[in-house]
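Below: the structure, in structure tokens.
All heavy atoms count here, side chains included; hydrogens, waters and symmetry mates do not. Within every chain, numbering begins at 1; the chains are lettered A, B, ... in the order of the sequence lines, protein sequences first and strands thereafter.
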Amino acid sequence: MSELLARIEPTPTVPFAGNGVTVTSAPPMARFSLRARKAADLEKLLGVSVPQKIGTMQSGVMCLGPDEWLMLAPDGTKIADGAGLSLAVTEVSDRNVAILLEGPRAASVLAAGCALDFDHFEVGRATRTIFETVEIIVVREAAERFHVEVWRSFAPWLWTAFVTVAAE
Amino acid sequence: MTGYRLPTGGRINRAAQVTFSFDGSSFVGFEGDTLASALLASGVQLFGRSFKYHRPRGLVGSGSEEPNALISVSRGPGRFTPNLRATNVDLYQGMEATSQNRWPSLKFDFGAINDRLGMFFPAGFYNKTFMWPRSFWEKLYEPAIRRMAGLGQAPTEVDPDHYAATYAHCDVLIIGAGPAGIDAALEAAATNKRIILIDEQDELGGGALSDPALWPWLDRSLKALAASPNVTVLTRTTAFGYFHDNFIGAVERLTDHLASMPDGPREKLWRIRATEVILAQGAIERPLVFDGNDTPGVMLASAAKVFALRYGVAVGQSVALMASHDSGWNDAFALAGAGVGIAAIIDVRDIVDEALLAKANALGIEVRLGHSVIGVRGRLGVKGITVARNDGTAASDITCDALLMAGGWTPTVHLWSHSKGSLAWREDLGAFVPDVPNENVRCVGACAGTWNFGAGVVVDVLPTPKDPARLKAFVDFQNDVTAKDIKLAVREGFRSIEHIKRYTTNGMATDQGKTSNLNGLQIASTALNKPVTDIGLTTFRPPYTPQTFGALAGHAKGALFQPTRKTNIDSWAEEQGAVFELVAQWRRARYFPKAGEDMLAAVNRECRMVRSSVGIFDASTLGKIEVVGPDAAEFLNRMYTNPWKALEPGRCRYGLLLKEDGFITDDGVSARLAPDRFHLTTTTGGAARVLNLMEDYLQTEWPDLNLWLTSTSEHYAVIALQGPNARKVLEPLVEGIDLSAEAFPHMAIREGTICGIPTRLFRVSFTGELGYEINVPSAYGRTLWERIMAEGARYDITPYGTETMHVLRAEKGFIIVGQDTDGTVTPFDAGLDWAVGKKKADFVGKRSLARPDIVAPGRKQLVGLLTDDPSIVLEEGAQIVADPNQPVPMKMIGHVTSSYWSETLGRSIAMALVEGGHSKMGQDIFVPMPGKTHVAKVSSMVFYDAEGARLNV
Amino acid sequence: MILIHCPYCDEKRAELEFAYAGQAHIARPLDPSALSDEEWETYLFIRNNPRGRHHERWRHIHGCGRFFNAVRDTVTDKFETTYKAGEPRK
Amino acid sequence: MTRFSALSLFIKALGGHQSWPEQWPDAAPKPAYDAIIVGGGGHGLGAAYYLAKKYGITNVAVIEKGWIGGGNTGRNTTIIRSNYLYDESAHLYDHAVKLWDGLSQELNYNTMYSKRGVMMLAHNVHDVQSFKRHIHANRLNGVDNEWLTPEEAKAYCPPLNISSDARHPVLGAALQRRGGTARHDTVAWGYARAAAALGVDIIQNCAVTGIRRGADGAIEGVETTRGYIASKRVGVSAAGNTSVIMQMAGLDFPLESYPLQALVSEPIKPVFPCVVMSNTVHAYMSQSDKGELVIGAGTDQYVSYSQRGALHIVEHTLAAICEIFPIFRRMRMLRTWGGIVDVTPDRSPILGKTPVQGLYVNCGWGTGGFKATPGAGDLLAYTMAKDEPHRINAPFNLDRFRNGRLIDEAAAAAVAH
């Protein structure tokens, strides 16, 4: 029955084409915060392999901390909640939205407000960090494509920041 | 005079004329000129007035060291910029520049009366007077001082420009693109390192720009750099500060030099993290200190050379040089080579290099060794000088229209000092040079003290037969500090260079002492009869040159200043004309006025509707934390004041959170979804604080516990549906949940769907009415809200805002943490004894509740207040006294924390923190307000439905 | 803006990602109620505040989220080392 | 002491200012004093002055490790106000403000105290409630503080942006008209000169290296880089360095020292007539007599004695200033600097006795020390002279951290809900 109610997203559906970079709102997706002392505990529950190294991503799961992963999956995906196990699965699908930056200036748009060194941030890296005062998660999906996760209510600000820099 | 432009030479584009104005008069310069060079070429020597004495002043330098030539540039509304150094202003077609700190005109300035009276205004004069009569300080003296002080006019309009910022990373950052910096860049470019080369000027080259012999080298070098993909070059960029761990702040000026303004940012802040920093900032020539050294036309020899060879401008037609250093001689020779007439070379030294003498002789330049300038003729410009032997004899006049000073060189160690690198005194240079680095940084070229400018001697004040007490020999030109001011400071007992600086203001002008610090130090050293190294060194502070607020703020302006967080439902409220308030980073609807309603009318209506039918409220901003894991209940039991282990799944509990100091920091209703899963709520402003506090305990105190905390604040939109008809509105929309009172009692949670969307449905109430809080994924918040509005239309469902929420909860005596508590209130003070687990051995903050002052009688306790006059709504924050007739200062026993008109009760209600309040029930207290004292009785905080009958339906 | 080596991420990151969390190695007493007022005061409020070597806590709050310990010189602001929570005092 | 006046200035000018005497002699330490003040800032020099002036104890030394007034006295933004919430704080700061009035005349040194008014901006409903609470409490305490509407605030400070579209709109302001600014250096110098004239020795470049206690535990004197100096009474007024000195006496203190930055713009003609503070936006500003906009920035997050702050603090401060006063975006920052502020757990000072007999302390002023200068000096002097605190500073004791009687102004300003 979910088609009865429409979703309303915080950022524009129309991409912004800036100088050498396109800013796009990613479509809705399922997100799960996965917590466990060992990656193996999660792998056993979910049947997928989970990266062990902090700051890396594989098959939709990024390792954000020693006991923390974020899983991105197609909209509507459901996974086991791990009841009774010594781990934590929490759905956070609507907590974040994602903004995609693509193009030769994608890294420089991020560098406008993020102190990471993107020359040394390889494809496949994924990390929580901060853009000016707003916490984000940056995933480098390709040399010139970044997926940026941000909490929903900060997304309009981040969109405006990206678009402002992209237009410069 | 028709002008001083040399017929040939310089790097200006003589094919491109640029017209501009200065103080309303029209001038013509060339592309490549600075405002200074173009005015100088037009015969302008008078550029400004000094800060204190309003003395006429001309150029001293040719770049960032310039102390005198401060001007304002206006380029349309909001684009007025005061205090620019004319030497740093790149000329553009149509520029409108004006001089500053003069009235009515630059040539005739009433303020110059200060100069006549200068003897009464020595350093620190204001410490010694303006004290009588006492009332005159604020009414007369201070306003007069303020009007005289200040340099340029203050801006009056909002700046329409915008500013950019970025981070950047490199392996080697080279600051300064003179020959040493360029060489360093070329060397590094040959590696695979990432290199950034920055320079404050419009062209790379530094000193090489005024040395035509180096131009072929410069061209070759720049081509090589341009061809190196690993080299980023930033011109018109000033590295202004050197911060921890090789973090350098720089500002790039993007549009100020352009005749027509593009849309882009005016300036860009570069925040550069470098593995290695190479400082190649060069050195600044030092003026000499003698009577009349501030006359327009007296300037640094190196500056005259720059004007001649870089800009093709003669600083005079007959120029004299006063030197204590060889470099001045070479500059004079270069000027002569460019066709500038050299009237004489005077050198304070008795002996100079034979080669210099020979060259002067060959050029036919008159030389006076062992002589000093003892006076300068001319007021608005140099007309001639008087020189004498160093023993004061044989005074004679020399006619000239400019006088150059060559007092030796000061390495530019500002950034080195910012980085906390140590400095070593070099007696031969009379200057401090970089010694031991504190970061991965090295200095090259002149700023390292390794450049060969030739020999020289260091003199503090040139020998003169005049009375030293009468000399107008300036050290800090802009701040009008003279040698005798420094001597006065020493005489009055100021011995540290920092004291001397502060007493005289030497080095504290907008040039930050680039030309004055070392001369000041030398004079102090002589006066104290102590070596320079015993007097200390003033600390250089960022920025190297002044930088705009706009650039330092970067993008953080307007919409990008700080995020305003909005819920999914916010747009609906905006469309309905809601009035908002800001709470933490969020904006929340405060009330929903209908036509003609003020806040009170709207809130009264909203309250009425909630109590009588049903109201709807956006509670999405509440903080939410999912606590999951086998030890979840144990953890909450340790964090909260009350017991949590026995809470059954499907039930909710009010949680009260203290800090370890025992004071209330947050509260909220939380639910147990499963044995190992809780859904916590926090206050809106407390969301991040609570999560951080809990993470701290979890990670560092109890790492053995198996549970994890995840913020879900933004995953859920939360709609509160409150009022006797709440269930009826909800029933048609919900599936999978039995809403009956028996199946779903107050303080319970159920999971199911609403309009097909998964929901966590709380049965909770912050209003005292039957109530639900509907949690759904955030993106559905507004569309669900609109569905509920449609469903509730037959009950006249009424949206309400935070103000009504506050009134309704106050009627029930529910506290708001942060309003009724203030970080000094314990659970017992707040009357929340019932929320403290008496049997619990420990919880965060428990031990502090046993401290002597916390258990002592007389603490302020939260109570209700009912005014004797029910129509009086006390002001929140009003103070309470027991005896209204006592004199001021009164003994205050508390204050009103919350106060409202209660439409439900038809009277005012209030909550207050009152000393010993819990034992004052029924007693009168007094609230003295201007003009009237209100009387109120202490009461219970629960004003409405004390038995809770309306909840359990 | 200092650079801080996070012992969990094993990377140097900018200070903006971190939150300072006070003096390190002040363990919460196991039984606070057994403490005298003086002992509780010491736990709550007394801090070393040295000029020089300082043991302190940081949290990589906008990174991996973990609290960790560090030794830093409060005069130069330079880090001597950082290490994971639970590791012995260095 | 040569009296300062327009007349003396005139007479000396005729002599080319050659006959001005030293404002205070550069004293060498004597073997013993009746009292020693450690720390030659405004507070310490003030204490020495009041010991000599009010309590007749003139055999006093002020020991300063560097040059007097070189710590927070010479590094702060010189705001003076007393509109504090709690009775204890209001009385403490108002005692100081009353001494500020007339201080120039008392010291015969123009401290340039300018009652320009201190205006604190309310940006949200919570601020309004909090400020009104302050105003009502101040009124009943006899401390001036009044509420201004946004329009009245704008009239008082024309550069203020009161647009309701602002990210943090101005909903009103609390104004203390007696608040203002003074010239920081002159306070230290004025007290030094006046104290020296009463016989106090001002000893610079003299760092305390140890504190000597007798068999009974009482203070006997201090070891310094210039030798041992005996005294039965030692008052420590050393701001950020207090912890280090107290440890020499075997005392651990509830203090932490943080870097605090401030900055000034280039001087411009008068445009900003008062002091404006915004706690919500984290900015405060005034214009100095010289024309510089004087701006207080925030503290860095970690403890440090480096006097070196981070760039992002300045970025955030100037962004905030430009939001509240958008006409200043083209103004230029001339100089930044860092101080070390010593902060207690309740962010109120500690002023009184210590567990060591004869050892007194004045510290923990955080960002608020300058305004308290004359009051803190006077009360430290009183406490040292009488060996008991004055009723004004009695609540600001060390015991409060044990018994829980904290004076937490910042907590009382509370948090948004």
Side-chain angles (χ1 to χ4, degrees), chain B residues 81 83 119-120 122 127-131 142 145-146 149-155 158-159 243 249 469 488 492-493 496 498-499 502 510 541-542 546-550 552-553 556 561-562 581-584 683 685 816 818-819 822-824 851-854 876-879 888-890 892 895, chain D residues 4 6 9 13 16-18 20 22-24 67 70 104-105 109-110 114-115 124-125 129 132-133 136-137 140-142 167 185-186 266-271 289-291 311 314-315 318-319 322-323 326-337 403-405 408 411-412 414-417:
Chain B
T81 311
N83 299 345
M119 63 190 295
F120 303 113
N127 296 336
K128 294 175 177 155
T129 183
F130 302 130
M131 288 179 273
E142 195 193 25
I145 290 174
R146 284 178 177 266
L151 291 168
Q153 289 298 320
V158 174
D159 179 4
F243 303 91
L488 173 65
E492 291 199 73
S496 150
E498 279 287 350
H499 272 163
R502 285 160 179 264
T510 65
R541 304 283 181 200
Q547 301 301 329
T548 61
F549 290 6
L552 289 159
F561 172 50
Q562 284 174 3
E581 68 164 327
L582 295 166
V583 181
T683 59
I816 289 187
Q819 177 168 340
D822 65 3
T824 66
R851 289 184 295 174
D853 192 61
I854 305 301
E876 285 169 352
Q879 297 290 317
V888 168
M890 289 190 175
M892 288 167 263
H895 77 282
Chain D
F4 288 163
L9 191 65
H17 298 288
Q18 296 296 305
W20 287 108
E22 286 186 321
Q23 296 197 359
W24 62 88
W67 35 282
S104 296
Q105 288 72 24
Y109 210 103
N110 192 346
S114 172
K115 283 176 260 181
N124 53 51
V125 175
Q129 290 165 342
K132 290 208 167 162
R133 183 180 168 196
H136 291 306
L140 300 189
N141 261 325
R167 172 63 183 82
D185 291 328
T186 64
E266 296 179 322
I268 46 170
K269 293 296 178 189
V271 63
D289 281 342
K290 198 180 168 190
L311 176 59
V314 170
E315 292 174 40
L318 289 175
C322 290
E323 281 304 301
I327 65 168
F328 293 136
R329 209 172 285 277
R330 287 175 104 84
M331 288 295 299
R332 296 190 296 175
M333 176 175 85
L334 171 60
R335 190 167 62 246
T336 61
W337 64 92
N403 62 31
R405 195 172 189 83
D408 200 336
V415 288
H417 41 269

Given heavy-atom pairs under 4.5 angstrom as the criterion, report whether the side chain, backbone, both or neither of D:D185 touches chain B. side chain

Contact part of B:H895 toward chain D, heavy-atom cut-off under 4.5 Å: side chain, backbone, both or neither? side chain

Name all residues meeting the side chain to side chain donor-acceptor pair (under 3.5 Å) criterion together with D:K269; count only those two or more places apart in sequence or in a different chain, and write none if there are none. B:N101

By side chain to side chain donor-acceptor pair (under 3.5 Å) - contacts of B:Q547 (at least two apart): B:T545

Non-hydrogen side-chain atoms of D:E323 and B:Q562 separated by less than 4.5 Å: no

Any side-chain heavy-atom pair from D:N141 and B:M892 closer than 4.5 angstrom? yes

Residue from D:R405, D:Q105, D:M333 scoring the most non-hydrogen pairs under 4.5 Å with chain B is D:M333

Which portion of B:L488 sits near chain D, non-hydrogen atoms under 4.5 angstrom: side chain

If only side-chain N and O atoms count, and only distance matters, is there a donor-acceptor pair under 3.5 Å linking B:T548 with D:R330? no

Side-chain ion pair, B:D159 and D:R329, N-O less than 4.0 Å: no

Any idea which heavy atoms bring D:P267 and B:N83 closest together, and the distance? O-ND2, 2.9 Å

Stepwise, does the side-chain contact (heavy atoms from CB on, under 4.5 Å) test hold for B:R502 with D:W67? CA-CA 12 Å; B:R502 285 160 179 264; D:W67 35 282; 3.7 Å; yes

Does either side chain, that of B:T510 or that of D:E266, offer a donor lying less than 3.5 Å from an acceptor on the other one? no

Minimum heavy-atom separation for B:L552 and D:L311, please, with both atom names. CD2-CD1, 4.2 Å

